[in-house]
Number of protein chains: 2
Amino acid sequence: MPVATQSLEELCINSIRFLAIDAVQKANSGHPGLPMGAAPMAFVLWDRFMQFNPKNPKWFNRDRFVLSAGHGCMLQYALLHLTGYDSVTLDDIKQFRQWGSKTPGHPENFETPGVEVTTGPLGQGIANGVGLAMAEAHLAARFNKPDATLVDHYTYVILGDGCNMEGVSGEACSLAGHLGLGKLIALYDDNHISIDGSTDVSFTEDVSKRFEAYGWHVLHVENGNDDLEAIAKAIAEAKAVTDKPSMIKVTTTIGFGSPNKAGSAGVHGAALGKDEVKLTRDNLGWTYPEFEVPADALNHMRKAVTRGAEAEAAWDKIWADYQAKYPEEATLLARMISGKLPEGWADALPVYTPADKPLATRQTSEKTLNALATVLPELIGGSADLTHSNLTFLKVSGSFQKGAYENRNLRFGVREHGMGAICNGIALHSTGLIPYCATFLVFADYMRAAIRLSALAEAGVIYVMTHDSVGLGEDGPTHQPVETIASLRAIPNLLVIRPADGNETSGAYKVAIEAANHNRPTLMAFSRQALPQLEGSSIDAVTKGAYILSDCAGTPDIILMGTGSETPLCVDAAAKLTAEGTKVRVVSMPCWELFDEQDAAYRESVLPKAVTKRLAVEAAARFGWDRYLGSEGDMVSIDRFGVSAPGPLAMEKFGYTVDNVVAKAKALLG
Amino acid sequence: MPVATQSLEELCINSIRFLAIDAVQKANSGHPGLPMGAAPMAFVLWDRFMQFNPKNPKWFNRDRFVLSAGHGCMLQYALLHLTGYDSVTLDDIKQFRQWGSKTPGHPENFETPGVEVTTGPLGQGIANGVGLAMAEAHLAARFNKPDATLVDHYTYVILGDGCNMEGVSGEACSLAGHLGLGKLIALYDDNHISIDGSTDVSFTEDVSKRFEAYGWHVLHVENGNDDLEAIAKAIAEAKAVTDKPSMIKVTTTIGFGSPNKAGSAGVHGAALGKDEVKLTRDNLGWTYPEFEVPADALNHMRKAVTRGAEAEAAWDKIWADYQAKYPEEATLLARMISGKLPEGWADALPVYTPADKPLATRQTSEKTLNALATVLPELIGGSADLTHSNLTFLKVSGSFQKGAYENRNLRFGVREHGMGAICNGIALHSTGLIPYCATFLVFADYMRAAIRLSALAEAGVIYVMTHDSVGLGEDGPTHQPVETIASLRAIPNLLVIRPADGNETSGAYKVAIEAANHNRPTLMAFSRQALPQLEGSSIDAVTKGAYILSDCAGTPDIILMGTGSETPLCVDAAAKLTAEGTKVRVVSMPCWELFDEQDAAYRESVLPKAVTKRLAVEAAARFGWDRYLGSEGDMVSIDRFGVSAPGPLAMEKFGYTVDNVVAKAKALLG
């Protein structure tokens with residue numbers, strides 16, 4: 001229909017559509033289909049329901065919006081631009097998918113203010129949304145008062161068929177249903193098309209029924225292309241149900257408006273093409289040139305700026321009132337929001353001496369977590385159904401459950417991938433919460449896509465991974481990490497720490513908390529088995545990544561390098577070699593990334609180039625170690641899968657004995 | 001109740017229970033709870049329904065049994081022993097979880113004949129089961145005739161709460177429902193307990209309703225502890241429904257029989273303890289000493305041997321008849337079962353010369369796959385909804401769908417993890433099928449747990465991973481692998497190949513097909529962008545992992561090492577350096593693992609120790625490369641996440657230009 005006869009709302013919706021169409025066409029790359037089909041629901045949501053302040057994208061009490069179907073990011077960029085965010089100008093939209101632009105190929109929170117989380121890998125966004133909603137529920141339960149509703153926002157997610165096929169979304173949504181997260185509202189863009197064509201080829205389940213089975217409140221908008229009132233009614237109903245998350249299935253036509261491509265996979269992931277863009281303009285009566293937004297539409301959508309300023313101002317009053325009435329809570333919340341850790345928090349970290357009894361590092365981790373829980377009220381987390389193996393329960397709190405959201409122990413169930421993505425959401429709620437999550441180290445593989453996103457999206461999540469080698473014993477090779485730690489060290493921006501004893505565990509947490517506070521994730525690997533408290537270990541040494549644990553006079557003949565449970569082995573072997581007249585240095589290397597970030601002088605002081613006889617001892621694959629071994633080094637490594645046997649025997653059989661380390665060292669020395 | 005009053009079936013069930021109890025107690029390690037609770041359903045299944053031949057665990061037409069809740073493996077070992085498999089003697093059971101035993105801590109198909117797949121990581125087994133059922137459906141559709149039902153078996157899976165919480169099981173079960181795999185029957189051990197205690201803490205969804213939503217036939221046995229007839233009735237009903245997979249929820253008590261621990265998490269993953277073992281014996285009236293099986297029970301269960309022999313003999317007749325009537329099909333099937341590839345199959349591999357036009361390796365992969373599809377009828381596979389990006393469609397066949405199981409193009413939907421686990425199941429059907437599966441390389445992270453199991457369980461799966469670097473361009477860092485290839489190279493027993501052109505692609509497939517045929521998985525990384533056909537590349541060279549692509553006279557001043565899309569860059573840089581008088585060797589390194597498996601002389605001939613100036617060029621992280629670089633080498637690498645921009649520009653910005661490679665080489669040469 002001609003522009004003249006389009007309602008203001010239709011003008012707005014078509015403005016979103018054509019910004020997406022034109023940007024994808026100009027880049028000759030991208031996904032126009034979702035923005036074209038989902039523009040009506042997104043418009044209704046942003047225009048009639050969402051609370052946000054374009055001029056302050058970080059406003060504390062804003063509703064969170066997640067585009068889980070991240071490939072449709074032009075939808076989000078169009079909304080950000082039209083509603084008045086400074087982060088996405090028209091020029092930015094013209095630079096869609098170009099080097100250095102604010103409008104990358106998938107939404108990136110670290111590039112574009114107004115984008116809450118990084119999506120694109122399907123299913124992650126809805127799981128992040130569960131985390132955002134959990135963060136809100138938790139803060140609301142802790143800080144709201146009968147006379148002061150300080151924390152009160154919704155989390156809205158638009159997800160597609162792809163998200164719903166991914167297991168990670170199922171894990172997170174099952175948990176969301178269990179927890180009854182009433183302020184989580186998912187709009188499912190039910191367009192029946194994925195990249196391979198009709199979802200009939202692989203995805204014919206009853207999605208609504210599945211969400212009902214999860215315990216969600218489920219609605220259906222049959223005509224998501226035109227029926228704005230039905231969309232609005234559904235969102236209103238969803239908001240009104242506060243004891244269950246809501247899933248609104250909105251049936252739409254992908255690429256709505258394109259005469260030849262609508263409803264087909266052809267419009268999913270490629271530009272329409274010049275001719276089809278023109279035909280789509282004709283078909284939708286759109287007479288505006290490319291990238292031009294009609295003034296009426298822009299004026300209408302920019303009202304979000306005023307609305308947002310008013311909403312924030314209203315909240316500011318509540319906040320001021322709250323500060324006056326509840327100074328203690330207000331001080332805490334203000335500190336959390338500001339991203340400042342409490343003065344002296346690290347003093348709570350346990351310190352050990354060699355006289356202290358041997359403990360598994362999962363046990364020293366438990367002590368540290370619990371010590372920190374009392375000084376860091378922002379610490380919140382849990383395990384994927386291995387609480388008493390990972391030893392991650394915070395004794396100062398109870399279980400986070402429906403009706404008990406104030407508690408800080410999260411119960412994830414056997415859902416590692418969902419757990420990681422949920423923790424990303426909690427971290428990216430960006431209100432100071434520091435999430436941790438736990439499983440066996442080997443199951444990092446289940447959640448690797450979420451760990452990668454922690455690192456990429458700068459989500460300060462702490463991963464507590466126990467049972468970190470064949471030393472775990474009888475569970476056997478399916479449970480024994482061998483290559484796992486190498487695979488994690490390979491991830492950019494992720495700190496991987498494998499502490500050797502209690503002090504190094506405390507040091508690892510010192511690093512991890514500070515890193516989380518600076519939006520960097522840390523993964524720690526802890527032993528199942530007991531380890532001695534080492535002479536010379538310290539909390540601060542860990543912050544340098546690697547350090548001299550014990551040394552000889554003069555230039556060492558050989559350097560023994562260990563991490564975690566193999567560091568004591570290096571110490572014992574060194575004693576034996578020293579007794580025989582060899583000059584030995586032992587270097588403890590809990591964190592490669594931090595060591596690599598030290599200056600050259602420090603690195604040289606620990607691992608002098610001149611000392612080429614180097615022996616690494618780690619109950620893991622050699623992969624990656626050659627960086628430190630140089631051409632003449634060697635390693636006691638495990639370059640095959642493990643085996644089911646008692647832990648001490650497995651360690652012995654794989655060569656983790658003092659005698660073998662000594663023998664290997666001697667072989668190196670020639 | 002006293003033994004004297006126990007029915008024969010009760011005796012059998014309690015025999016299973018006490019083998020599990022005693023073995024776990026002796027090992028002081030393991031999971032007695034599941035075997036104690038699931039013994040009745042397992043007994044009924046194995047005694048009244050399952051078709052298998054204990055004396056020939058590889059009998060072609062056997063029903064497949066998967067214990068997806070692999071931690072309960074003593075259940076399976078007890079069944080194997082009691083029904084007469086030679087693989088698990090009473091001595092083996094006494095060696096439960098010990099070094100070198102046939103009874104490891106989780107079921108391992110490569111250790112214990114009779115175990116079909118390796119389970120333990122939760123959710124994998126049920127997804128393997130979907131693959132096993134797909135393999136059966138496919139072979140049945142291709143080989144059965146109106147007068148000859150040659151392929152005709154069920155796949156039975158016992159899974160627990162943990163499996164049902166994992167996303168991978170949801171992915172695979174959704175697909176199974178879509179495909180209507182009527183001969184897949186899952187028994188859900190609904191015991192309400194996981195390691196963290198009652199499932200009430202995290203898992204309160206309606207599992208049955210979820211499976212109905214997937215399109216499954218769902219049944220419920222309310223008393224799975226005692227009501228053997230109800231279990232039998234449900235299995236019979238499940239077998240009768242042939243157009244849908246069946247899920248039987250069997251409500252049980254974990255640790256049934258233990259007076260103090262039944263129904264609690266205490267019995268999930270730890271030995272009962274000496275006292276509780278005794279109390280359990282008293283409670284169940286079990287007067288037999290440890291590891292003793294009453295003769296009546298053993299005699300009864302060992303009837304499986306006769307039953308199995310008869311079943312196999314009956315099938316042998318069908319097979320003989322089939323061979324006579326359908327010699328062509330019989331010859332093919334016999335070849336597939338024997339694990340022999342057809343004579344001369346590799347002649348079909350495309351060969352290229354430098355005169356041939358540049359092609360993306362995903363395109364040469366497409367040509368190769370299609371060339372092989374005609375000579376290898378056992379090749380079957382597909383993509384996780386990226387068919388036309390991965391270019392993996394076999395043009396000689398159609399889509400594998402309900403009613404069209406004879407087709408060889410599998411449509412996985414956006415379910416990478418399920419896809420990998422399903423392909424493991426197809427490979428471990430062990431009837432000659434060679435499964436391949438495809439997605440973008442970066443999404444290897446989503447399916448890593450399944451890839452690891454391919455390598456561990458010796459499942460000959462071929463992973464076709466395209467879009468293998470920042471060269472993919474605009475999709476940005478969420479889609480650009482950087483550390484991915486390193487993380488995969490770290491996995492033991494997995495071949496990772498990144499071919500540089502058409503010939504190397506053919507070589508990669510030559511390796512992959514032969515490896516798959518020998519139960520070893522291969523992962524190939526292919527470019528999105530076009531690459532030239534190189535002078536000197538060859539199919540056979542790839543089998544050595546690395547080779548001299550171009551060389552100088554005498555000892556090289558420097559070696560340039562490349563893989564994939566960066567090999568041509570090395571060639572061009574070498575030309576420039578050579579023109580300036582430098583002696584340059586170019587080594588193409590498509591597969592590290594194969595190179596490492598060559599003898600020392602070959603490795604020295606390619607990378608002589610004396611040549612210490614080495615420059616690697618790969619559009620990926622440096623992690624792992626130092627092994628080949630030595631102490632004096634350098635690399636053009638990407639040690640950060642990628643960026644959204646057109647591919648050629650991204651490559652240029654990250655230093656993948658001839659000029660930069662030349663400059664880096666000169667810097668090395670000093």
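All values below were derived from every heavy atom in this structure, side-chain atoms included, with hydrogens, water molecules and symmetry-related copies excluded. Letters A, B, ... are given to chains in the order of the sequence lines, protein chains preceding strands, and every chain is numbered from 1.
One N or O on the side chain of A/Glu171 and one on the backbone of B/Gly167 form a donor-acceptor pair closer than 3.5 Å. Between the side chain of B/Asp626 and the backbone N or O of A/Asp626 there is no donor-acceptor pair closer than 3.5 Å. Side chain of A/Asp475 to main chain of B/Gly105: no donor-acceptor pair is present (N/O by atom type, distance under 3.5 Å, no hydrogens or angles). Under a 3.5 Å cut-off, the side chain of B/Arg452 and the backbone N or O of A/Val442 do not form any donor-acceptor pair. With hydrogens and angles disregarded, no donor-acceptor distance shorter than 3.5 Å links the side chain of A/Tyr446 to the backbone of B/Val168.
Residue A/Ala455 touches chain B through both its backbone and its side chain, counting heavy-atom pairs closer than 4.5 Å. Proximity to chain B (any heavy atom under 4.5 Å) is shown, for A/Leu410, by neither the backbone nor the side chain. In this structure, chain B has a heavy atom under 4.5 Å from the side chain of A/Glu108, while its backbone stays farther away. For A/Phe400, no part lies under 4.5 angstrom from a heavy atom of chain B. For a residue to count as touching a neighbouring chain, one of its non-hydrogen atoms must lie under 4.5 Å from one of that chain's; by this rule A/Glu166 touches chain B with backbone and side chain alike. The contact between A/Ser29 and chain B is made entirely by side chain atoms (from C-beta outward), counting heavy-atom distances below 4.5 Å. Interface residue A/Phe443: only side-chain heavy atoms are found under 4.5 Å from chain B. Neither the backbone nor the side chain of B/Pro107 comes within contact range of chain A; no heavy atom of the residue lies under 4.5 Å from a heavy atom of that chain. Only the backbone of A/Arg640 comes within contact range of chain B, with heavy atoms under 4.5 Å apart. For B/Thr119, the part sitting under 4.5 Å from any heavy atom of chain A is the backbone (N, CA, C, O) and nothing else. Of the atoms belonging to A/Val201, heavy atoms from both backbone and side chain fall under 4.5 Å from chain B. Contact annotation for B/Asn164: neither backbone nor side-chain heavy atoms come within less than 4.5 Å of a heavy atom of chain A. Of the atoms belonging to A/Ser399, not a single heavy atom falls under 4.5 Å from chain B.
Between A/His479 and B/His106, the angle of the ring planes stays under 30°, which puts this pair in the parallel group of the 30/60° scheme.
Put simply, CD on B/Glu416 and CE on A/Met165 are 10.0 Å apart, with the number rounded to the nearest 0.5 Å. Between the CD atom of A/Gln98 and the CD atom of B/Glu474 there is a distance of 6.5 Å, given to the nearest 0.5 Å. We find the CZ-CG distance between B/Phe393 and A/Asp196 to be 9.5 Å, quoted to the nearest 0.5 Å. For the atom pair A/Phe623 CZ and B/Trp592 CH2, the distance stands at 4.5 Å (nearest 0.5 Å). Here the CD-CG distance, from B/Glu483 to A/Leu488, works out to 10.0 Å after rounding to the nearest 0.5 Å. Between the CG atom of B/Asn493 and the CG atom of A/Asp639 there is a distance of 12.5 Å, given to the nearest 0.5 Å.
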* Asked: Could you walk me through whether A/Thr478 and B/Gln124 pass the side chain to side chain contact (heavy atoms under 4.5 Å, CB included) check?
  -> CA-CA 11 Å; A/Thr478 55; B/Gln124 299 291 333; over 6 Å; no
* To do: Decide side chain to side chain contact (heavy atoms under 4.5 Å, CB included) for A/Ser174 and B/Arg210; before the verdict, give the C-alpha distance in whole Å, the side-chain angles of both, and the deciding distance to 0.1 Å.
  => CA-CA 10 Å; A/Ser174 173; B/Arg210 172 156 64 89; over 6 Å; no
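With sequence neighbours left out, A/Glu652 forms a salt bridge (charged side-chain N to carboxylate O under 4.0 Å, His left out) with no residue at all. B/Lys653 is linked by a salt bridge (charged side-chain N to carboxylate O under 4.0 Å, His left out) to nothing, counting only residues two or more places apart in sequence or in another chain.
Contact detail for A/Gly630 and B/Ser631: the closest heavy-atom pair is CA-OG, 3.6 Å.
With respect to chain B, the highest number of heavy-atom pairs below 4.5 Å among A/Trp625, A/Trp216, A/Tyr214, A/Trp99 belongs to A/Trp99.
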